[in-house]
K.L.:
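Handing you this structure, nothing more for now.
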Amino acid sequence: MGKLKKRIRPRDITINIGKDAPIPECPIRGERWKEIRHDNTVTWLAFWNDPINPKEFKYVFLAASSTLKGQSDKEKYEKARLLKDYIHGIRTAYTKDFASKDPMKKQIAVATYLIDKLALRAGNEKDDDEADTVGCCTLKVENVEPVPPNILKFDFLGKDSIRYQNEVEVESGVFKAIQQFRSGKEGSEDLFDKLDTSKLNAHLKELMPGLTAKVFRTYNASITLDDMLSRKTNGGDVLEKVVVYQQANKEVAIICNHQRTVSKTHSAQMSRLNEKIEELKGVLEELKTDLSRAKKGKPPLKNADGKPKRNLNPEALERKIAQTNAKIEKMERDKETKEDLKTVALGTSKINYLDPRITVAWCKRHEVPIEKIFNKSLLAKFAWSMDVDPSFRF
DNA sequence: TTCTACACTTAGCACACCTCGT
DNA sequence: ACGAGGTGTGCTAAGTGTAGAA
């Protein structure tokens with residue numbers, strides 16, 4: 001925000017410890033903690049107020065590898081799994097309400113549809129001093145353009161000002177409702193004027209215990225992974241299976257719109273790959289010439305620098321050609337994947353949206369070492385999921 | 001019913017560190 | 001041994017959601 005942030009001192013920090021626990025000694029001589037609390041209803045160990053925005057709190061929490069965080073992570077996924085039992089009824093109900101005469105009911109139905117189908121975030125209200133980003137409930141008229149007969153064109157800035165651009169075919173009930181919500185409004189006005197996240201979540205709670213908007217994101221991400229893994233895993237070696245996993249992971253990242261900026265070195269790296277591929281193609285042509293000569297019993301042509309080459313028999317040349325071809329194909333594939341993933345961030349969904357038990361069980365079933373999928377910190381974070389039964393499905 | 005304080009999860013980026021081909 | 005490129009970790013901002021005050 002263009003402001004200097006003041007250093008945090010012990011006198012800014014409130015500590016939360018057990019009633020009988022010794023108070024940690026203040027490490028800075030002559031200073032003391034702001035306050036000592038004994039609150040076992042919260043998980044934070046310490047907090048202070050942000051010196052730039054004093055009504056904002058900064059917390060020290062336990063690490064992701066702690067059992068406390070692990071437990072709450074597991075509960076998150078169990079709640080998302082529970083949604084499976086309700087989703088059919090929920091979809092039927094909101095589809096009916098696309099044509100509701102009650103305007104709030106109608107808006108809730110359409111908003112829930114978008115959150116379910118497109119994995120949009122809830123969209124809380126924001127203060128004027130915050131970035132101008134939106135989620136589902138805060139979508140503006142200008143963010144959703146209906147294109148007859150039934151296409152919706154989305155274009156808005158979401159969390160972290162990441163642009164969401166998508167064109168989707170929707171049911172005619174949704175299409176008509178969106179047209180109606182837009183009519184007579186300026187582009188900058190709220191699309192859902194009868195709605196906010198509290199009302200939406202209050203409604204969702206009536207449909208399933210503990211249901212909120214964000215549960216749909218977790219549910220959609222995890223069910224997509226589970227589904228794709230079971231459909232696309234068809235034997236092959238470990239490497240091929242890992243590729244299947246990465247493709248499923250990518251699918252989820254795209255649904256959740258997890259992006260990253262293209263690395264500074266990306267285009268240079270692509271050029272280098274292209275050069276290498278061209279070089280290999282040259283080598284290949286030469287090998288082919290040598291082969292046809294060898295078949296006629298002629299020696300290979302001299303190198304460009306004039307030095308003679310080893311005289312190989314046709315079988316050896318055939319093998320070399322096959323090797324070179326394989327190399328070229330691999331590089332072409334790598335190039336494609338790299339270009340394909342240059343703006344897609346795979347990590348975020350792995351860390352936050354994909355039930356690790358899906359991954360662990362799949363690895364067990366298909367004899368893929370879990371370390372091929374989870375790095376050290378993910379293994380620690382997901383320790384609670386490692387003993388899952390191989391037959392586990394989300 | 002609305003507002004606000006609080007508590008917690010989710011997010012991308014920078015850069016140190018590691019790995020692997022040459 | 002070197003360096004390009006990939007990976008992992010730290011950082012902390014930016015979200016979501018709840019409870020209780022107004």
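The structure displayed is predicted, hence computed values, not measured ones. Chain letters run A, B, ... following the sequence lines, proteins first and then strands; every chain starts at 1.
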K.L.:
Rounded to whole Å, please give me the gap between CG in N53(A) and P in dT12(C).
P.N.:
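Spelled out: CG on N53(A) to P on dT12(C) is 16 Å.
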K.L.:
Counting only side-chain heavy atoms from C-beta out, which of dA13(C), dG17(C), dA11(B) sits nearest to K58(A)?
P.N.:
dA13(C)
K.L.:
Of the nucleotides dT10(B), dA7(B), dA11(B), which has the atom closest to the R217(A) side chain?
P.N.:
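The answer is dA11(B).
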K.L.:
DNA chain B: S198(A) or Y77(A), which has the more 5' nearest nucleotide?
P.N.:
S198(A)
K.L.:
On the nucleotide dA11(B), are OP1 or OP2 found under 4.0 Å from the side-chain N or O atoms that Y353(A) carries?
P.N.:
yes
K.L.:
Check the surroundings of atom NZ in K6(A): do more than 12 heavy atoms from other residues, nucleotides or ligands lie under 6.0 Å from it?
P.N.:
yes
K.L.:
Measure from CG on D127(A) to C1' on dA13(C) and round the result to the nearest Å.
P.N.:
15 Å
K.L.:
Find the distance K76(A):NZ to dT16(C):C1' and express it as a whole number of Å.
P.N.:
12 Å
K.L.:
Take the protein atom CZ of R260(A) and the nucleotide atom C1' of dA11(B), then report the distance between them rounded to whole Å.
P.N.:
14 Å
K.L.:
Quickly work out the E371(A) CD to dC18(B) P distance and round it to whole Å.
P.N.:
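It works out to 19 Å between those atoms.
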K.L.:
So F382(A) and V360(A), do their side chains get closer than 4.5 Å, heavy atoms only?
P.N.:
no
K.L.:
If each of T265(A) and K79(A) is mapped to the nucleotide of DNA chain C with the nearest heavy atom, which maps nearer the 5' terminus, i.e. the 5' end?
P.N.:
T265(A)
K.L.:
Nearest-Å distance, CE (M270(A)) to C1' (dG6(C))?
P.N.:
16 Å
K.L.:
Is the F47(A) ring parallel, tilted or perpendicular to the W44(A) ring (thresholds 30°, 60°)?
P.N.:
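The arrangement is perpendicular - the two ring planes meet at more than 60°.
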K.L.:
Hey, does the side chain of K338(A) come within less than 4.0 Å of dG6(C)'s phosphate (OP1/OP2), counting only N and O?
P.N.:
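Affirmative; the distance criterion is met.
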K.L.:
Which label fits Y164(A) and F156(A): parallel for a plane angle under 30°, tilted from 30 to 60°, or perpendicular past 60°?
P.N.:
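Geometry flag for F156(A) against Y164(A): parallel rings.
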K.L.:
Of all the choices, dT2(B), dA14(C), dA7(B), which nucleotide is nearest to the side chain of Y59(A) once you look at every atom?
P.N.:
dA7(B)
K.L.:
Closest to the E56(A) side chain: dC8(B), dA13(C), dA11(B)?
P.N.:
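Side chain of E56(A) sits closest to dA13(C).
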K.L.:
How many Å lie between CG on N201(A) and P on dT9(B), as a whole number?
P.N.:
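Those two atoms, CG and P, are 16 Å apart.
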K.L.:
Flag yes if more than 12 heavy atoms outside D102(A) fall under 6.0 Å of its CG atom; otherwise flag no.
P.N.:
yes
K.L.:
K159(A) side chain: which of dT9(C), dA7(B), dA14(C) is closest?
P.N.:
dA14(C)
